[in-house]
Amino acid sequence: MKFKLNNKYVRWGVTAFLVIAAAILFYYFVFHSNNILAGLNRLTNILMPVVVGLAMAYLLSPVLNYIERRIIIPICEKCGIKKTKRRDSIVRGISVFLTAFVFLGLIYMLFYMLISQLVPSIQNIINNFDRYTGNVMSWINRLLDDNPDVRNYALQTVNQYSEQLDELIKQLPANARIWLRTVTNTATNILGVLWNFIIGFIISIYVMISKEKFKAQAKKITYALFERDTANIIISNFRFTHKTFIGFLGGKIADSIIIGLLCFIGVTLMRTPYGALISIIIGVTNVIPFFGPYLGAIPSAILVLIVDPLHPLNCVYFLIFILVLQQFDGNILGPKILGSSTGLTSFWVIFAITFFGGLFGVVGMIVGVPIFAVIYAAIKSLVNTALVKKELSIDTDKYEKLEYVDDEGFHDHEQLSESVVKKLAEKNKRWKRSKKLENTSENAGDDAFGHSGKALTDAEKNDSKDTK
């Protein structure tokens, strides 16, 4: 007997096996979820260099495309080099080399700027810490001279925390082993991050060299697994996702760099202390949408106030400058660079940052907006498709004052009132018409009844006469 895969008993057997396997997996996932999570964490740690490499290649692809299409290929065309596979491979190799050089150059410049600006600033803060502390204490004493109750409360609080600090200092030798272990773990994590970065950078070079081939293989697998229409939709959605991510992340990075430079120019003109450090803080935190400006402005303002607490107006001027700068960014610069890359309102931006930030921390706050933009677009597409099938409008404004929908179309509050009046008027007319018809029929019945009664009376009179 020849074995056939399309036999119904074979299909039943495969279905039963899959159902049993799914039930076993579900049971194991519910009652042994810790083992599954531990295995996933181990797998993630193993594949982390690959993930870092793919992320680097994805973020560097726009730079590679620009160098290849706008610089290298035009040079080859001007030199009369014809398009061949060998030329394309050489062009790709040169473009990848230049992209890697630009990437490493930016990293070097970033670290050089951080070391040359941040390290002296931090050293200066540490060296002048006693002076800053004295300034703060003198400011507090001046403030509390006129408020004895507040002064007593502050002294009690200081004494309480000073006692706790003394106990902590006494426990330092006992906690030295724990601190040493923490330092060792931190150093190990730093080395792990550095290792993932190096291996990921090497992987990203190979991915960028063959990115078109990987793209073609992904499309091939998609069309092999799904129907043609479904595969077209999947590829279109991935293209939209790519456009949303690249548009938002690239635009946000460029916007943050410009804001950081403008902040450096402003604080330099205002002679704000530690201008480079503050500008870096403002520029880096500006990558986080909505909450980023506040996350950067608050510690910077505290730093300005600590350095010179006797002149608090300097802190006020700094906050006013940051507020004006963020208004410029939110209303002018940001829309010019980002445009409508996400299509989300302010509420959904806050929701995305809060939700994904709670799940994935700072990384979630950065990538949460484009991720939610993709989810929002998918839900919007599904809703619009369902409305089109029901022959209803997809314009949201038409649903704002909507009361009901009938065969005649959409009806809002005013149309509802008019329709109610019309229906009441028509009902009143029908009632009057029915009453009129009833009266007419009753009159006709009375006339017939009167004539018949008269005829009956005459007949009775005749009968009585005959009887007599």
Side-chain angles (χ1 to χ4, degrees), residues 59 233 236-260 262-263 281-301 319-388 390 392-405 410-414:
L59 295 176
I233 294 173
S236 177
N237 291 333
F238 269 98
R239 189 177 293 112
F240 171 78
T241 304
H242 165 71
K243 181 180 178 182
T244 302
F245 266 85
I246 288 296
F248 178 80
L249 294 178
K252 199 62 182 175
I253 292 173
D255 175 73
S256 299
I257 292 173
I258 295 173
I259 290 298
L262 293 177
C263 180
I281 294 174
I282 295 296
V284 172
T285 56
N286 193 71
V287 178
I288 301 174
F290 194 81
F291 294 110
Y294 305 102
L295 294 177
I298 293 173
S300 301
L319 290 175
I320 294 173
F321 168 72
I322 294 298
L323 180 61
V324 172
L325 184 63
Q326 296 304 328
Q327 291 298 319
F328 167 76
D329 180 32
N331 297 318
I332 299 176
L333 182 62
K336 289 290 183 181
I337 296 177
L338 297 175
S340 57
S341 57
T342 60
L344 297 178
T345 60
S346 299
F347 170 78
W348 292 120
V349 170
I350 298 173
F351 174 81
I353 295 171
T354 305
F355 180 74
F356 288 98
L359 291 178
F360 307 109
V362 178
V363 177
M365 297 178 73
I366 296 174
V367 302
V369 173
I371 290 176
F372 189 79
V374 174
I375 298 173
Y376 183 86
I379 296 174
K380 182 179 179 181
S381 177
L382 293 175
V383 172
N384 290 341
T385 302
L387 290 174
V388 169
K390 296 180 180 180
L392 297 175
S393 176
I394 61 175
D395 187 7
T396 307
D397 295 335
K398 291 187 177 181
Y399 294 86
E400 185 175 354
K401 298 181 180 180
L402 178 66
E403 286 293 332
Y404 71 99
V405 180
F410 288 68
H411 300 278
D412 56 14
H413 300 285
E414 297 177 356

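Because the structure is a prediction, the values reported are computed rather than measured.
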Heavy-atom side-chain contact between S300 and I282 under 4.5 Å: yes
Spatial distance of atom OG1 (T354) from atom CG (L359) [nearest 0.5 Å]: 11.0 Å
Ring geometry between F360 and F356 (parallel below 30°, tilted from 30 to 60°, perpendicular above 60°): parallel
Backbone N/O of G251 and side chain of D255: donor-acceptor pair under 3.5 Å: no
Spacing of I353 atom CD1 and W348 atom CH2 [to the nearest 0.5 Å]: 13.5 Å
Spacing of I259 atom CD1 and I322 atom CD1 [to the nearest 0.5 Å]: 9.0 Å
Nearest heavy atoms of G368 and A352, plus distance in Å: O-CB, 3.7 Å
Test ring-ring contact (aromatic ring centres under 6.0 Å, His included) applied to F245 - qualifying residues, sequence neighbours left out: none
Considering all heavy atoms, the nearest T285-G296 contact: OG1-CA, 3.3 Å
Close side-chain approach of M365 and V287, heavy atoms under 4.5 Å: no
Between CD1 on residue I257 and CG on residue N286, distance to nearest 0.5 Å: 11.0 Å
Validation row: P370, I246 side chains within 4.5 angstrom (heavy atoms): no
Closest approach of S256 to G283 (non-hydrogen atoms, all atoms of both residues): CB-O, 3.3 Å
F238 CZ: over 12 foreign heavy atoms closer than 6.0 Å: no
Whether S381 side chain and A377 backbone form a donor-acceptor pair below 3.5 Å: no
Closest heavy-atom pair and its distance - I366, F248: O-CE2, 3.6 Å
I394 and its side chain to side chain contact (heavy atoms under 4.5 Å, CB included) partner, picked from T385, V383, L387: L387
Whether N237 side chain and I233 backbone form a donor-acceptor pair below 3.5 Å: yes
Heavy-atom check, side chain of D329 versus side chain of I258, under 4.5 Å: no
Spacing of OG1 belonging to T241 relative to CD1 belonging to I371, to within rounding of 0.5 Å: 10.0 Å
